[in-house]
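Remember, it's 1-based here, ligands and their atoms both numbered in the order they're listed.
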Amino acid sequence: MITLQGIVFDAKSSFLKGPSLAPPLIRKAYHSASANYFAENGIEISPKIWLDKGDYEIADYFEIEKITSTNLNFDYPLITLGGDHSITYPILKALYKKHGAVDILHIDAHADLYNDFEGDPYSHACPFARIMENKFASRLVQIGIRTLSQHQKEQAELFGVEIIQMKDFNIHKLPELKNPLYLSLDIDALDPAYAPGVSHHEPGGLSTRDIITIIQNIKVPILAADIVEYNPTRDINGMTAMVSAKLLKEIAVKML
Ligand code: MN
Ligand code: MN
């Protein structure tokens, strides 16, 4: 079994709202009659594998930690459908309380390491600064980054973040992961050509196949994962929802 929670929250998005609409649409794409439930390795991600806790309307950002703690107590791996990327900090806080510090693989166009963004230390541009300063991660590896500002470069050096920038990305030289993992997948890591339904279109990104290959090559247990920043208001024919649902299945099959 895998626990599934949807976090209906985009109040900490800096540019556009919309990711709060994502969780039910990713579920709908997962159930779409246009596809089946099989992951690429031939294992079926049947609806029966989910302990689906549904979608949570979030009034207060700090509720996310409590909800996640409750849903981690089922002792299954947990997948969270966001929501904007700010949700990853309270999720990691809950995970830390249960498992201690974990290694994180973070796939994103952005490093999300700002000390604060437009005055908000919990902005979706900041979660990994909060996670690292609280020592919730024993290792943070970022892939797909193509927007590294001087401030974020300094933050990465301060926290010892291992960044594989998009300009240096090589699918044949993926980082070796050694410990149980948290996987944080920001859909804007994908090139906007593959995933137009995001708030921040950042050209020159990963292909859908690149991310599938990264996931399929993970050889350590995935304790928990999130899929964030899908913005349905920017999507075209639901194609980004289908990409999100495809990646959901590939992550799920790794957890089973
Ligand atoms: Mn992000
Ligand atoms: Mn991003």
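When hydrophobic side chains of Ile, Leu, Val, Met, Phe, Trp and Tyr are connected at separations under 4.5 Å, L21 ends up as a singleton with no cluster partners.
With sequence neighbours excluded, the residues satisfying side chain to side chain donor-acceptor pair (under 3.5 Å) with D55 are R27. Applying the side chain to side chain contact (heavy atoms under 4.5 Å, CB included) test to E133 and every residue at least two apart in sequence or in another chain returns N115, R130, F159.
Near the Mn ion (ligand 1), less than 2.8 Å away, sit the protein N, O or S atoms H85 ND1, D108 OD2, D112 OD2, D186 OD2.
The residues D120 and K12 are annotated as salt-bridged, a charged nitrogen and a carboxylate oxygen being separated by less than 4.0 angstrom. Between E40 and R209, at least one side-chain N (NZ, or NE/NH1/NH2) sits under 4.0 Å from a carboxylate O, which counts as a salt bridge.
Aromatic pair H200/H124: ring centres closer than 6.0 Å.
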